[in-house]
There are 2 protein chains.
Amino acid sequence: MTDTVPRPTLEAVAARAGVSRATVSRVVNGSDGVREPLAERVRRAVDELGYVPNQAARSLVTKRHDAIAVIVAEPETRVFADPFFARQLRGISKELTAHDNQLVLLLTEDRDDHARVGRYLAGGHVDGALVFSLHIDDPLPQLIQRAGLPTVYGGRPDWNGGQGGVAYVDSDNRGGARDAVRHLLGLGRERLAHITGALDQTAAVDRLDGFRDVMGDADPLLVAEGDFTPGGGERAMRLLLERCPSLDAVFAANDLMAAGALRVLREHGRRVPDDVAVVGFDDMLPVAEQTDPPLTTVRQDIEEMGRLMARRLLDDGAEPDGLILPTMLVRRASA
Amino acid sequence: MTDTVPRPTLEAVAARAGVSRATVSRVVNGSDGVREPLAERVRRAVDELGYVPNQAARSLVTKRHDAIAVIVAEPETRVFADPFFARQLRGISKELTAHDNQLVLLLTEDRDDHARVGRYLAGGHVDGALVFSLHIDDPLPQLIQRAGLPTVYGGRPDWNGGQGGVAYVDSDNRGGARDAVRHLLGLGRERLAHITGALDQTAAVDRLDGFRDVMGDADPLLVAEGDFTPGGGERAMRLLLERCPSLDAVFAANDLMAAGALRVLREHGRRVPDDVAVVGFDDMLPVAEQTDPPLTTVRQDIEEMGRLMARRLLDDGAEPDGLILPTMLVRRASA
DNA sequence: GCCACGGGCGAGAGCGCTCTCGGATCAACG
DNA sequence: CGTTGATCCGAGAGCGCTCTCGCCCGTGGC
């Protein structure tokens, strides 16, 4: 961590251009009120010296940091097992850099981390926070609210009654689920089962609600709780086959579980989609395209979701409320 | 981006504790030379006021930032299609937070981004950089070197003759490949083929070299170039079957391509592992465990790799050279 | 031809911290 | 009891920047 060559200061640029610091500052920050010939001289001095403003000094007085914290609360490894996170980050990153903001990444796993994050946010190092709070009992939101920073959540938060006063961006999980179910019905299927995700996450709840929107409160035996993992999908599928051998369609709350379900179906000699049609959710690429048969699934635009989160955060005027992005059914061979 | 409540300053703490700013600073920064009763009074004042040091002011004078840039050069979507990146990030994050450093994430896609990153690094916002430079003609390393920041690369850089003067952390790609090949030979296989990765990446080159270490310069017809994608794996597999229908084993340079190869083999009626044994690389979980049959593959400890990169960067004394992490063959059903 | 006015620029204070340096205090020693 | 030396603490300068304030000069109106 040895320090670099001493970098030129505003002072130095001012001296070279034969003006005052104030003038250089004005030019550098693009404020008007500096006549052209002078401004030009300053600009030349700036790049002759290779001047780059010292962000620390600037923040000290402006109290702005041009930096945003992205907080990922992930005690489990699930998020890391799929590429969601990376896509979202990319969307966020694009939007932030377009507005000259930096992205400070905070990954948390346990309570200690939460305290640390709380301190960091309270420390006023960043201008706002993007939060992926994935589980229902997560204490993080409170910590963040206490820090008093502008915040946008990724995914509908479970607290707060679902809306009002809290900014979030989410996919239309419920609508996507409805599309999936309607597609199965449109295929002439009659006994539809649903494998839910981990129900402590709002995405899972919303997808289940979508299923019920169309199916009514149908046979509760046709709904089995999974956990978003392939193993969970397998277990749920086995259970469903046992309970209701005549089922002819399955809607799984994500592709990973759908993949698990496919294996169990094959194991039981059911042909997909002939005997049983299967629809997933996410369009998680390395999985959805590689299963046998490839999955029909509900795609969400993850990168766009990230981008919009960042945009809402930077756009100070926006009302804090929910923003729901559309989903799209992608037809492949499984249904 | 409305600003928060004015936070207490050193001054305020000093006043409350009835000491000078200097003393508070000493206590806060854990320097000795402050007698216990006084120190205690200061500490009480600190948490009564909820004082958190202003990092900007601190950086201004210390020229340290306690922040590290993580630069991911990724013009393609490949990295985002697998969870590598996230795991590595997690390892890095753990190590950095253990040393009270922040992680500033810079994702780059094109030339413009490179210029921006160069400016950012030159701007002296961070104390060092971790770089994932994935392709051979990437201009990023030069930009970074010019910024004069301590840097550690993820994966062996292709330039610089492979070692000497540049710090990097990599998996033992070559050794892992040798293990994979020896395992196949140990199974009694005789006609081994290799599907390479994209050869503009050192990981692909090293794995190919490992294959050749064991096989000699064997039949060049038994080596087909892939690109690390499932589609590439399929194409390569088809080519290999055409060239040499009698092959009885395939080593693919990653699991994604191995999955593609499995599909083509099944399509051609070859049973795995009975007719053809298949070994992958990476142990990329959602894929390796879910293929049919599950993949035998070479595992690398990605998270540890990230952790070590961070550790080397923070550990100023370390010699800048390469650090190679061991790999491990994971046996599943495919070989 | 004088005064009021406004726009362009510089002087200077101050953001919150660290760190050097010198003054005060106290124990110990002659 | 005076002196030395070590130790603890405070005063103050200064990091590089922004931003307010006021001076100066040029212009236009009466």
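Each chain gets a letter, A, B and so on, in the order the sequences are listed, and its residues count up from 1.
A:Arg87 and A:Glu303 are not joined by a salt bridge, as no carboxylate oxygen comes within less than 4.0 angstrom of a charged side-chain nitrogen.
The CZ atom of A:Arg7 sits 10 Å away from the C1' atom of D:dG16 (whole-angstrom rounding). In this structure, the CD atom of B:Gln55 is 14 Å from the C1' atom of D:dC15, given to the nearest Å. Rounded to whole Å, the distance from CZ on B:Arg64 to P on C:dC17 is 17 Å. Rounded to whole Å, the distance from NE2 on B:His65 to P on D:dG16 is 11 Å. Rounded to an integer number of Å, the gap from A:Arg21 CZ to C:dA13 P is 11 Å. Rounded to whole Å, atom C1' of D:dA13 lies 14 Å from atom CD of B:Glu11. Distance B:Asn54 CG to C:dC17 P: 6 Å, rounded to the nearest Å. Between the NE2 atom of B:His125 and the P atom of D:dC17 there is a distance of 11 Å, rounded to whole Å.
Atoms CZ and CG, from B:Arg90 and A:Leu107 in turn, are 7.0 Å apart once rounded to the nearest 0.5 Å. One distance of note links CG of A:Asn29 with OG1 of A:Thr62; it measures 9.5 Å at 0.5 Å rounding.
For C:dG16, the OP1/OP2 oxygens have a side-chain nitrogen or oxygen of A:Lys63 closer than 4.0 Å. The shortest distance between the side-chain N/O atoms of A:Thr23 and the OP1/OP2 oxygens of C:dG10 is below 4.0 Å. Taking only side-chain nitrogens and oxygens, A:Ser25 comes nearer than 4.0 Å to OP1 or OP2 of D:dT18. A close approach under 4.0 Å does occur between a side-chain nitrogen or oxygen of B:Asn29 and OP1 or OP2 of C:dT18. The phosphate of C:dT18 has OP1 or OP2 within less than 4.0 Å of a side-chain N or O from B:Arg58. For B:Thr9, no side-chain nitrogen or oxygen approaches OP1 or OP2 of C:dG16 to under 4.0 Å.
Residues B:Leu38 and A:Leu10 each lie close to DNA chain D; by heavy-atom proximity, the contact nearer the 5' end of the strand is made by B:Leu38. Comparing B:Arg26 and B:Tyr51, the nucleotide of DNA chain C nearest to each residue sits closer to the 5' end for B:Tyr51.
Counting heavy atoms from C-beta outward, A:Val42 and A:Val34 have side chains that stay 4.5 Å or more apart.
In this structure, of D:dC15, D:dT18, C:dG10, it is D:dT18 that holds the atom nearest to the side chain of A:Val61. Here the side chain of A:Val34 is nearest to one of C:dC17, C:dC9, D:dC9, namely C:dC9.
Using a distance-only test at 3.5 Å, with no hydrogens or angles considered, a donor-acceptor pair links the side chain of B:Thr202 to the main chain of B:Arg156.
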